[in-house]
Amino acid sequence: MKRVLVTGGAGYIGSHACKLLRQAGYEPITYDNLSTGWRAAVKFGPFEQGELEDRARLDEVFAKYQPVAVMHFAALSLVGEAMAKPGLYWRNNVAGSLTLIEACVAAGCRNVVFSSTCATYGEHDNVVLNEDTPQEPLNAYGASKRAIEDILRDFGAAHDLQSVIFRYFNVAGADPEAEVGEAHEPETHLIPVVLQAIDGQRDKLTIHGTDYETPDGTCIRDYVHVCDLVEAHILGLKHLEAGKGSAVFNLGTGEGFSVREVMEAARVVTNRDVPYVEGPRRAGDATKLVSGSEKAVRDLGWSTERSSMRQMIEDAWRWHRTGGYESHSD
Ligand code: UDP
């Protein structure tokens, strides 16, 4: 069985990718330091604990498994934290990824699928963001991901490394079978925070800013179902295995939802009110991030079947009610 090294395989998106890799006939090898991931989320292949910056450990893991590709999810990914602690983001995300990419090349593995972000684009008034939109990140999270994209391009030119770079918009939902799901501590992402507020696990949701230049004053984001998102990764992997070369794709639906629209959708799905308070803007947030996603549809044959707001919230709610990994722990 072909093996794929999945960094961050114990995290939210990485764990869903491992499940789909397994179903697609690959063995996913999770490489994760468990700083934010969950041992209980590693269910679909072997687990190797390690740091991205630990070159000797990476060399050992590449030699042991000889993967055909790396899917690189491991990263810090919170805008607020990145604003407060940029050094952490440059060290962990950029220096860590550089070490990983060097180890990958040294091991003769030539295929990387990389998780980048729409946060690399920054603020662009009223335009749909496509892959050619200039990348002008507003925060160290976006800047760190842009830098890793540059590293992959330079290594592509010098070392024959092929990469598929996916710029994610807002990832939401969970495995419909609830084997894996979203579990951050502390949780800061909108949909799980809304569900926690509905369920009484937190007092209320704080809306981060109601004075944006949008129809209802709250930020607009493009939400994509995690299962659709990881499906694109399998298509990206096959694209690389077929020798079709490096490429960049946005992953979103092209449809934007405001914070208030997400709250309303959650009220309808759960039939419960969302306790909330209106707060100030969160530093580093762009007003509107909506994807132009035609390229992934056209070139990879991607589709976003599960990404209706209703479906994403239904799946997230089902996962939420399982109690997450605490109640799954062995
Ligand atoms: N948001 C909010 N309250 C929260 C969490 C998020 O108002 O408790 C808003 C946030 O300002 C942004 C949107 O919801 O406009 C999505 O934020 P999230 O943190 O989920 O993802 P991001 O866009 O930062 O990747």
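We use all heavy atoms of the structure for the numbers below, so side chains are in, but hydrogens, waters and symmetry mates are not.
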Shared ILVMFWY cluster between V6 and V180, side chains joined below 4.5 angstrom?
no
In this structure, CG of D54 is separated from CG of L52 (nearest 0.5 Å) by 10.0 Å
At their closest point, which heavy atom of W319 faces which heavy atom of A178, and how far apart are they?
CZ3-O, 3.5 Å
Just how far is it from atom CG of L251 to atom CD1 of I165, taken to the nearest 0.5 Å?
12.0 Å
Pairwise side-chain contact, E213 with K288, heavy-atom cut-off 4.5 Å (strictly under)
no
Does atom CG (D211) have a neighbourhood of more than 12 heavy atoms from anything else shown, all under 6.0 Å?
yes
Parallel under 30°, tilted from 30 to 60°, perpendicular over 60°: which one fits the rings of W38 and Y325?
tilted
Has K295 got its NZ or CZ under 6.0 Å from the middle of the six-membered ring of F249, at an angle within 45 degrees of the ring axis?
yes
N-O pairing of D285 and R281 below 4.0 Å:
no
Any donor-acceptor N/O pair, S163 side chain to V113 backbone, under 3.5 Å
no
Ignoring hydrogens and angles, tell me if any N or O in the side chain of Y89 forms a donor-acceptor pair with the backbone of V79 under 3.5 Å.
no
Begin with the C-alpha distance, continue with both residues' side-chain angles, and end with the deciding distance and a verdict on salt bridge (charged side-chain N to carboxylate O under 4.0 Å, His left out) for E60 and R57.
CA-CA 5 Å; E60 191 180 278; R57 180 80 180 110; 2.5 Å; yes
Would you say K2's side chain and P67's backbone share a donor-acceptor pair under 3.5 angstrom?
no
Validate the cation-pi geometry between R221 and F169: distance from NZ or CZ to the six-membered ring centre under 6.0 Å, angle to the ring axis within 45°.
no
Testing the basics here: between R306 and H225, what is the closest heavy-atom pair and its distance to 0.1 Å?
O-CD2, 3.4 Å
Give me the atom names and distance for the closest heavy-atom approach of G256 to E261.
O-OE1, 3.9 Å
Taking the side chain as every heavy atom from C-beta outward, state whether K145 and Y141 have any pair of such atoms under 4.5 Å apart.
yes
Is there a path from V42 to F73 through hydrophobic residues (I, L, V, M, F, W, Y) whose side chains come within less than 4.5 Å of each other?
no
Would you check if there is a donor-acceptor pair between the side chains of E305 and S303 at a distance under 3.5 Å?
yes
Any donor-acceptor pair under 3.5 Å linking the side chain of T117 with the backbone of T120?
no
A quick test of your reading: do over 12 heavy atoms of other residues, nucleotides or ligands sit less than 6.0 Å from OH of Y276?
no
Between D228 and T304, do the side chains contain a donor N or O and an acceptor N or O under 3.5 Å apart?
no
Taking atom types as modelled, find out whether R202 and Q196 have a side-chain donor-acceptor pair closer than 3.5 angstrom.
yes
Evaluate side chain to side chain contact (heavy atoms under 4.5 Å, CB included) for E179 paired with F44, printing each intermediate quantity in order.
CA-CA 10 Å; E179 281 192 280; F44 311 102; 4.0 Å; yes
Can the ring centres of W302 and F166 be said to be less than 6.0 Å apart?
no
Ignoring hydrogens and angles, state whether a donor on the side chain of H16 or D175 is under 3.5 Å from an acceptor on the partner side chain.
no
Please check if atom CG in D273 has more than 12 non-hydrogen atoms from other residues, nucleotides or ligands closer than 6.0 Å.
no
Pairing donors with acceptors under 3.5 angstrom, does anything connect the side chains of S116 and Y168?
no
Find the distance between CG (L76) and OG (S35) and round it off to the nearest 0.5 Å.
6.5 Å
Judged by atom type as modelled, is there a donor-acceptor pair below 3.5 Å linking the side chain of R272 to the main-chain atoms of L195?
no
Compare all side-chain heavy atoms of K43 with those of C18 and state whether any distance is below 4.5 angstrom.
no
Test side chain to side chain contact (heavy atoms under 4.5 Å, CB included) on M309 and Y223; report intermediate values, then the result.
CA-CA 7 Å; M309 182 53 69; Y223 295 83; 3.6 Å; yes
Please evaluate residues E264 and R267 with respect to the criterion salt bridge (charged side-chain N to carboxylate O under 4.0 Å, His left out), reporting the C-alpha separation (whole Å), side-chain torsions for both, the decisive distance (0.1 Å), and the verdict.
CA-CA 5 Å; E264 173 57 16; R267 189 191 65 73; 2.8 Å; yes
Between L190 and L205, is there a side-chain heavy-atom distance shorter than 4.5 Å?
yes
How close do C227 and A174 get, heavy atom to heavy atom, and via which atoms?
SG-O, 4.1 Å
Do NZ/NE/NH1/NH2 and the carboxylate oxygens of R39 and D32 come within less than 4.0 Å?
no
Under 3.5 Å, side chain of H233 to main-chain N/O of L20, donor-acceptor pair present?
no
Look at the side chain of E131 and the backbone N and O of N250, then say whether any donor-acceptor pair between them is shorter than 3.5 Å.
yes
Say you draw a straight line from CD of E278 to NZ of K204; how long is it, rounded to the nearest 0.5 Å?
12.5 Å
If you measure from CG on D222 to OG on S291, what distance do you get to the nearest 0.5 Å?
5.5 Å
Do you see a donor-acceptor pair shorter than 3.5 Å between the side chains of Y65 and E48?
yes
Provide the closest heavy-atom pair for A283 versus M83 in the form atom of the first, atom of the second, distance.
O-CG, 3.8 Å
With sequence neighbours excluded, what pairs up with E314 under the side-chain contact (heavy atoms from CB on, under 4.5 Å) test?
V269, R310, Q311
R260 side chain near I207 side chain, heavy-atom distance below 4.5 Å:
yes
Residue pair I29, V4: steps toward the side chain to side chain contact (heavy atoms under 4.5 Å, CB included) verdict
CA-CA 6 Å; I29 316 299; V4 174; over 6 Å; no
Side chain of Q162, backbone of L240: donor and acceptor closer than 3.5 Å?
yes
Cluster link Y212 to V259, ILVMFWY, side chain under 4.5 Å:
no
Got C109 and V70 here, is their nearest side-chain heavy-atom distance under 4.5 Å?
yes
Any side-chain donor near an acceptor of the partner, E123 and T287, under 3.5 Å
yes
Ionic contact status for K19 with E177, cut-off 4.0 Å
yes
pair H124-P134: side-chain heavy atoms closer than 4.5 Å
yes
How close do P215 and I220 get, counting heavy atoms only, and between which atoms?
CD-CD1, 4.2 Å
Say you draw a straight line from CG of L88 to CG of L78; how long is it, rounded to the nearest 0.5 Å?
10.0 Å
Give the table of side-chain donor-acceptor pairs shorter than 3.5 Å for residues 95-107, with sequence neighbours excluded, one pair per line with atom names and distance.
residue, atom, partner, partner atom, Å
S97, OG, H72, NE2, 2.7
S97, OG, N93, O, 2.5
T99, OG1, A95, O, 2.9

Judged by atom type as modelled, is there a donor-acceptor pair below 3.5 Å linking the side chain of H239 to the main-chain atoms of G245?
yes
Any Lys/Arg nitrogen of E241 or K238 sitting under 4.0 Å from an Asp/Glu carboxylate oxygen of the other?
no
Counting distance only, does the side-chain N/O of T206 pair as donor-acceptor with the main-chain N or O of H208 below 3.5 Å?
no
Please step through side chain to side chain contact (heavy atoms under 4.5 Å, CB included) for the pair L161 and V112, ending with a clear verdict.
CA-CA 8 Å; L161 184 75; V112 176; 3.9 Å; yes
